[in-house]
Protein chains: 2
Amino acid sequence: MITGRADAIPGLATAFRLHGYEGASLAAITRHTGLGKGSLYNFFPGGKEEMANAVLDEVGLWFETHVYRSLQNQDVPAAERLTSMAGAVEEYFSSRHLVCLYGSFALGQERERFAQQIAGYFTAWIQAITEALPGPAQEAEALATDFVATVQGALILARALDDPPVLHSTVARSLRHLTSLAGPDKAR
Amino acid sequence: MITGRADAIPGLATAFRLHGYEGASLAAITRHTGLGKGSLYNFFPGGKEEMANAVLDEVGLWFETHVYRSLQNQDVPAAERLTSMAGAVEEYFSSRHLVCLYGSFALGQERERFAQQIAGYFTAWIQAITEALPGPAQEAEALATDFVATVQGALILARALDDPPVLHSTVARSLRHLTSLAGPDKAR
DNA sequence: GACCACTTGTACCGATCGGTAAAGGCGCGT
DNA sequence: ACGCGCCTTTACCGATCGGTACAAGTGGTC
């Protein structure tokens with residue numbers, strides 16, 4: 001255990017995922033974390049905003065170490081890196097109620113409060129994909145943006161239709177647009 | 001004026017768009033509609049849930065008359081119908097804070113309460129596009145699903161990056177996937 | 001065992017939540 | 001002018017909101 005905060009973050013994350021930022025009442029947070037208000041305000045004196053910041057940072061760190069970094073691994077062909085990135089992202093959201101916290105926060109009016117972190121998350125993701133793609137940067141960035149948007153939309157659609165497999169099928173098709181550019185020699 | 005309800009719906013819609021379902025307090029709703037609580041509960045005895053239902057119905061009706069129906073107009077080539085559909089959708093969300101109410105509701109825990117209407121909205125949209133596309137239905141439905149997901153994701157991305165043009169550029173590229181299938185024989 | 005820093009439970013705060021009740025205003029048909 | 005029905009205002013309800021204060025634990029160090 002590094003800090004008492006760290007143990008609370010998974011519970012905080014599910015609370016924010018299930019209820020959104022504004023909808024996550026302290027009562028719901030104590031339920032999901034198993035911690036009383038006293039403990040929560042001991043670890044996060046800044047209240048709900050600090051809790052949300054800690055969760056966002058943790059999610060951002062996970063993507064940085066598991067997604068962006070492996071996208072830069074030059075020992076593996078680009079198409080393969082992109083495919084494993086897509087798989088990791090699918091698995092991540094599938095086991096987390098099909099909710100991207102950054103996407104959820106971007107939709108609410110809490111967007112302004114966390115604007116920098118939200119924008120930073122998506123630009124980092126898009127940039128990591130862009131750098132793994134060959135060809136002119138402008139075209140690669142467009143493809144990367146389309147992929148990220150499709151993932152976010154597929155999450156919404158999977159929840160809206162109450163049909164989790166929609167995430168995989170949609171992301172798989174979007175991934176093909178990336179790999180067909182990254183691996184023309186590798187394909188077939 | 002058909003009913004007193006109708007006049008309140010635009011204000012209700014922006015209230016729900018800006019604050020989400022749970023975040024839209026009655027105080028915020030009175031602010032956006034200019035109506036007091038008494039008037040609101042006179043028009044919507046069922047409270048917030050009935051207000052949200054009325055707004056969702058109105059949005060669904062708009063899409064039905066402006067989007068789905070024009071997609072069925074056989075007098076116009078399919079590619080052109082799809083293009084004007086994309087333009088209408090872009091314009092619709094651009095002038096409404098880049099928020100799709102159904103997408104917003106799908107993300108929160110209010111999803112269960114409005115599950116049927118949410119699922120119905122997206123299936124109707126996907127089906128309308130599917131029927132405007134040639135070729136095997138399964139393939140067309142996949143393309144239609146990708147388009148709808150991309151629109152939803154582009155909305156999130158445009159808000160997340162605080163960059164409204166992202167909606168147009170992303171949707172335009174996604175539209176090309178549809179028209180390239182619909183247009184080769186019909187085009188020109 | 002005394003001490004101390006950290007953690008926890010509990011009581012409490014003013015503000016706001018969604019919703020209700022009822023009295024008064026208003027326009028309209030007669 | 002009158003009565004009637006719809007609409008609006010206003011006051012109020014209990015519950016819950018995010019946040020604070022503080023006393024009582026808790027475990028480790030000498």
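Order of the sequence lines fixes the chain letters, A, B, ..., with proteins taken first and strands second; residue numbering starts at 1 for each chain.
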Atom-to-atom span, CG of B:N42 to C1' of D:dC7 - whole angstrom: 6 Å
For the backbone of B:T30 and the side chain of B:K37, can you confirm whether one donor and one acceptor N or O come within less than 3.5 Å of each other? no
I need the CG-C1' distance between A:L40 and C:dC6, as an integer number of Å. 15 Å
Check this for me: does any side-chain nitrogen of one of A:R5 and A:E58 sit under 4.0 Å from a carboxylate oxygen of the other? no
Output side-chain donor-acceptor pairs under 3.5 Å for residues 122-134 of chain B, partner residues at least two apart or in another chain, one line each.
residue : atom : partner : partner atom : Å
B:T123  : OG1  : B:A119  : O            : 2.9
B:T123  : OG1  : B:G120  : O            : 3.0
B:Q127  : NE2  : B:E131  : OE2          : 2.9
B:T130  : OG1  : B:I126  : O            : 2.7

Rounded interatomic separation in angstrom, taking CZ from A:R5 and P from C:dC6: 15 Å
I need a per-nucleotide contact map over nucleotides 9-28 of chain C, read 5' to 3'. Cutoff is protein heavy atoms under 4.0 Å; write B for the base, S for backbone only, - otherwise. B-------SBBB--------
Could you tell me whether B:E112 and A:R159 make a salt bridge, using a distance below 4.0 angstrom between a side-chain N and a carboxylate O? no
Pi-cation contact, B:F114 with B:R111 (under 6.0 Å, within 45°): no
